[in-house]
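Throughout, a chain's letter reflects where its sequence line sits, starting with A, and its residues are numbered from 1.
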Amino acid sequence: TNGSSSDDGANSTVDKSNTDNDKSGDKVVIGFSAPAADHGWMGAITKNAVAQAKQYDDIDLKVAEGTNDVNLQISQVETFINDKVDAIVLLPFDGAAMTAVARKAMDAGIIVINVDREFDSPFAARTTVLGDNYGMGVSAGTYVCDKANGDKNKVVAEIAGIDSLPLTQDRSRGFKDALTKCGLKVNNRVAAEFTVESGEKAASNLLQAAPKIDYLWNHDDDQGVGVLAAIKNANRKEFVMIGGAGSANVMRAIKADNTVLKATVIYPSTQAADAIKLARLLVQKKSMSDLSEIEVPRELKLSAPVVTKDNVDTYLKSAFES
Amino acid sequence: MTSITAMPTPPLLEMRGIVKEFPGVRALDGVDLVVRPGEVHCLLGQNGAGKSTLIKVLSGAHAVDDGSILWNGEPISFADPQAALAAGVATIYQELDLIDGLSVADNIFLGHEKARGGITRDADMNRSARELLKTLGHPEIRPTREVGSLSSAGKQIVSMARALSRRAQIIVMDEPSAVLDPDEVDGLFRVIGDLRSSGAAIIYISHRLEEIRRIGDRLTVLKDGKTVASDLPARDTSTADLIKLMTGATVSSIFPRRTTGLPEVRPLLSVAAIGRDQEFDDVSFDVRPGEIIGLAGLVGAGRSEIIETIFGARKAARGTVTVDGKRLRNGSVDSAVESGLGLCPEERKSQGLILDDAVYRNISLASLDRYARYGISSEGSERRAAHAAARSVDVRPDDPDRIIRTLSGGNQQKVVLARWLLRSCKVLLLDEPTRGVDVGARAEIYALIRELADSGVALVIVSSDIDEVLGLSDRVLVIADGRVVHDGPSDGIDASGVLDRILAEHDTTTDQKGDAA
Amino acid sequence: MSATDTSTTLPSTAGRGGGSLGVARNLGLVIALVLLCVVGIITSGDRFASTDNMLTILRLAAVIGVVSIGMTFVITGGGIDLSVGAIVALSSVWATTTGTQSMADDFGWIVMVFSAVIVGTACGVVNGVLIAYGKIVPFIATLAMLASARGLAEIIADRKTQIITDQGFTDFFGAEPLGIPMIVIIFALVTLVGWFLLNRTTFGRRTFAVGGNPEAARLAGIKVQRHTVYLYALLGTTCGIAAVMLMSRTTTGSSTHGLGYELDAIAAVVIGGTLLSGGRGTVIGTLFGVIIFTTLTNVFTLNNLSTSAQAVAKGVIIVVAVLLQQRIADRKT
Amino acid sequence: MSATDTSTTLPSTAGRGGGSLGVARNLGLVIALVLLCVVGIITSGDRFASTDNMLTILRLAAVIGVVSIGMTFVITGGGIDLSVGAIVALSSVWATTTGTQSMADDFGWIVMVFSAVIVGTACGVVNGVLIAYGKIVPFIATLAMLASARGLAEIIADRKTQIITDQGFTDFFGAEPLGIPMIVIIFALVTLVGWFLLNRTTFGRRTFAVGGNPEAARLAGIKVQRHTVYLYALLGTTCGIAAVMLMSRTTTGSSTHGLGYELDAIAAVVIGGTLLSGGRGTVIGTLFGVIIFTTLTNVFTLNNLSTSAQAVAKGVIIVVAVLLQQRIADRKT
Ligand SMILES: Nc1ncnc2c1ncn2[C@@H]1O[C@H](COP(=O)(O)OP(=O)(O)OP(=O)(O)O)[C@@H](O)[C@H]1O
Ligand SMILES: Nc1ncnc2c1ncn2[C@@H]1O[C@H](COP(=O)(O)OP(=O)(O)OP(=O)(O)O)[C@@H](O)[C@H]1O
Ligand SMILES: [Mg+2]
Ligand SMILES: [Mg+2]
């Protein structure tokens, strides 16, 4: 699952390609809407998108208030339609719920780029940039399987993110599927809420529930700070912890190698930034120069690589601060 | 006691030209009041004359709009209640303003707790409270008891204890006797006597003229926010003069007597052996149309409980209530109202009125369906009818849209009466119907009650004023400790007879039960 | 703290701000809204003042607006309901399960509408019974409902977003007769009915009485407990309606619908002038409250303000608006 | 609805439930807790009944517990505060900025503690002043604070989690004298001080009075407005303390700290027996309320229950517990 990250992938805010695609062109008005930036990853999404837009003097980015209320997010898109923007980059709180309004935008001739959480109709977006939530779970599970090395008695625990989100379900499913392949299962599972505090709370209870753990996968590095604090409070060292999302804090910890945290699975926080870039190309009717294909692709699925001490330096520079 | 007015004692308090306006009303319009040390100064006036407002100005509860206050000859301003309390003015308010959730002792010492470094000395407070209550003749009220569980009389005693605890130079009492029975009024007067001899001054407000004769030294009469007479001797001014001063008219014949004989028909209301644990038991009586039954007894005897149970506001443990041959559903107020019962509850503020709503809406509360079709109310006819009902009991000011909270105490009482007049019920239960009502209005209410009876309504009346019960009712039931100790025609017994029967009952039960607190 | 409410100056306006159109109180709201619009026009010009944008604001206001109208009744009646968002979620999920949707295929999409409304009402009845007969304080009873209803919604939906396939449903509610979106029309109807119910019927009168002094209402022969159940049931019904509106807007049913509606609705109701302690309520005020909050968000969005700055500004604006409103009301009396 | 509270049967326990130790009321809570523990032991045996697990429960209860004690005062005094979570967040962020942390390097970690507590108190004072002198209803004033404080926290922290580098700070608060975690000790101290303050001081007595009948309190010469400010300031202070505890527990300051505390704290206080309408409050009850909620989550987790099932169960358990509690209280009177 590794290695497919293109130049337009995780590092795009850093490297600038040298084709004429980056030359200033017609003014492009892009509307951007995402869920509330209530945790580091989501904050980084918006921040990266804004930073990306700033690099082009022909992009006028309109950022709507981050919200977890689909009704409000729908009205933000409606406002963009009223404003007759050229493109909309939309990270929906709930992909299915935003499908109708996204179609409305497409019907109004606006290019919609769907980020991270997929619409349920192919007509609702011109292009979709996806992180791979299921793949994240698979990566984490595969890493555990590798480490377990055939021992089927290992105890595996999981600290999920907000349990009511489909993405959490996808991650857990991937994790479970990968574990099943090597005969392991999730022995204990709790859900936190992507915040430091909830991570600490969930982990405290989990560590009580499971007196001995071998592997612990935590979905989100934001809440991971809290999880690590709980582990430290409980004085537990016997297991290996794998993180999720790939924050800079966690990568530094992996590099330092002095905690139970040994790896993390990246979930790129640059998806929206890439989407901005794609939106600009689409509006200016350009193509992706690195591909031989003339058109910008319909779907871009970013990979979910595992970061360990060995390759941490490659990823640290593009990691988000949480 | 020798006449104090003869000697020119310098006044302790002088209020001159006091003006207080509320949105839309000039409650005080240049009132003068002079109080000397060691006197009981009575304040008289009709409902809404401005008595309570005046003493609220004095106690710092209301900011004054105009006028001056001299305290021992010095100009002073009572900006807030604390300032007045600090200067030496303690007040017993008309509306019992106690904190239900706190204990008796805590209420008494609220705002001047016995404490060291902010830490309360509960034992001290309880001890002092016990002493104060004993002085007031009520050692049975435990200082640790929660005030909310006391009867209104008990609360009144606590309010008095609270005022005494302030060791003030002036103690203002706004209708303290309204909820007390004769025994307790005697106790109160004894305390007032003691206070007077210790040099404190009392401002005493009451609608009962006989009390003013017994206790007052001088009096001031208010009418429509103005002082109409001051410096009158309390004992020697004739009742007719006083009523004339207060109302501008003469009022006579306090208790209107029955003009026609009672019709011999079957009873409208039959109460059969109802009882509730620890409150009352085995209470039975019948009321025929046009008949008035009075329940006499001391405060706390359980009379309110009895009529609330008849009304369905409390669930009877035993017994039945029948109206017009139909048995009422136990513990269901709405079925009682449906069957034609009405109740003017004892605590008008908490049980009777929606304080922040308009007068007419309070009056029509029990008759909403009558002024609606298919659930859609007809505001105009409802308001008109309610207004008419308000007029018939003379609610002042004559403004159906007024918010109840801004009415004077007596006028609030009239609104509750008007509610059941509007509903024109068959059986009316009245719990202390004239509490806080002025002489003039009281005569009107008496006439009204008589009129209702004559028109065939069956009435049950509870009052702590034994003369009132005897004067109004055809038959009287004396209640003591939750039991009927006497049942007979009202002209066969007088006030002392009633008290005798209660005391006789008390003696037997206290022997059995010991402490009957 | 209520300490400051019972001061000596009493409001002169009658209890029903809506009935007497409580000019003084609503004047403050009107001024706040006008100021907001002026800011919108200055900062965003035509983008704000266009018909399209107005309709966007109304569409956004519609769903929470319907819930707020229902909440006005419960609060006027002396209660509170924290479970509205969860009820909206549960209703939307229930109405979009494959079971319901296949029934809808057979009997028409009205089945979905009915199930949403019935589920909402049922939840309201449970709330009402727990509060009126179980004597559980409204805060706790509806907090329990909040947890249970959302949990149940998650279990039923299996945490998946359920997509509505019925074209008839989306067509009907997505229609724009005379250029006005259907959900805005529903909002207007609910507001009208709500105003009428509160101010022109015995039901409304009883609501004021029950909220103003339940004991006095009881002793005047009003069935206070039953009325309380009605009030919560009514709010449940509006939640069901809101769920249908949200379903049409998102073409989905989801256990995450209606998140945070409880505070939004209560805030709109209270800003509108309904007393949180009961006995005084105004549907028109609530309408203003909802529109003001929605317009605020709209102006923020048009101006590209950062979320954090928005939050700070929102807090400050609420305080200033309420203070302003009080000044005006004081002067008028 | 308060309709049912003012029925003719009055509670026999005194207002200061803590003072008289309100046996009847707390008995219900004790039984609920014991039942919960029995379930825990049956389903999870030693894993539940171990000292470690008990300490885990207490540690988890500590932070929200301290806030709830403060909340008990505000609610007893007739108010409510929705901004506690936001204040915790703002305090934690303020105390962990690089600026504060570098000051802490120079003057010791106590600087961080002080800044958290001062920021919390200041927010409380703002709430109190808006409510007491600005006469804004507590619900709205603190809702505005909720938005503003969290927005401000986000702006200051730039949405990053601020990590505490000071070893002294983590060492001190991470210590476990006599095997008891420091934050549990702090919780115990705050509870004790809170109990004493509410039941044994004039401040407490006046809190009951202000909450029970503010007008009567004013007439008794109590400075109601000033007292109101004190109450919110006190709650702000406990929020500051909670922020410090949370900082030590997570070794971070973050604008996401304290999410949802408002409802959790209010629920604990009300379950504990404090009247939401003011005038009656108990610190011991609140303590039970907090522990019951925390134990509930603990038992759920030990049993590996899904979050949705947890939510449903939680709602049902709350209702059953309250009904049970009332039965017991009724029988006792
Ligand atoms: N807070 C208020 N707002 C508006 N008007 C008020 C207020 N308080 C009193 N009033 C009005 O002031 C007048 C005087 O009322 P006050 O209570 O002083 O009468 P009172 O002499 O004590 O009567 P009562 O014998 O019935 O107690 C009345 O007309 C009353 O309606
Ligand atoms: N809500 C209550 N809770 C507990 N005890 C009460 C309550 N109300 C009254 N009591 C007690 O019950 C007894 C009867 O009180 P109540 O004042 O109702 O009697 P009453 O005969 O109607 O007297 P009144 O002359 O005041 O009408 C008293 O001892 C009182 O303290
Ligand atoms: Mg008076
Ligand atoms: Mg009585």
More than 12 heavy atoms of other groups within 6.0 Å of Glu193(A) CD: no
Salt bridge flag under 4.0 Å for residues Arg171(A) and Asp132(A): no
Chain C contact via Lys104(A) - which portion, at a heavy-atom distance below 4.5 Å: side chain
Asp274(A)/Lys277(A) under salt bridge (charged side-chain N to carboxylate O under 4.0 Å, His left out): CA gap, chis, key distance, verdict: CA-CA 5 Å; Asp274(A) 289 338; Lys277(A) 220 168 165 176; over 6 Å; no
Residues in residues 251-260 of chain C near chain A [non-hydrogen atoms, under 4.5 Å]: Thr251(C), Thr252(C), Ser254(C), Thr256(C), His257(C), Leu259(C)
NZ/Lys27(A): more than 12 non-hydrogen atoms of other groups inside 6.0 Å: yes
Stepwise side-chain contact (heavy atoms from CB on, under 4.5 Å) test for Trp217(A) and Val156(A): CA-CA 8 Å; Trp217(A) 183 41; Val156(A) 182; over 6 Å; no
Interchain contact, Ile57(C) with chain A, by part (heavy-atom threshold 4.5 Å): neither
Heavy-atom donor-acceptor pair, Asp86(A) side chain to Ile30(A) backbone, under 3.5 Å: no
Arg59(C) charged N/C atom sitting above Phe187(C) aromatic ring, 6.0 Å / 45°: no
Separation of Arg117(A) CZ from Leu91(A) CG (nearest 0.5 Å): 6.0 Å
Salt bridge flag under 4.0 Å for residues Lys201(A) and Glu197(A): yes
Among Asn53(C), Asn303(C), Thr56(C), side chain to side chain donor-acceptor pair (under 3.5 Å) partner for Asn298(C): Asn53(C)
Interface residues of residues 69-83 of chain A facing chain C - non-hydrogen atoms under 4.5 Å apart: Asp69(A), Val70(A), Asn71(A), Leu72(A), Ile74(A), Ser75(A), Gln76(A), Glu78(A), Thr79(A), Asn82(A), Asp83(A)
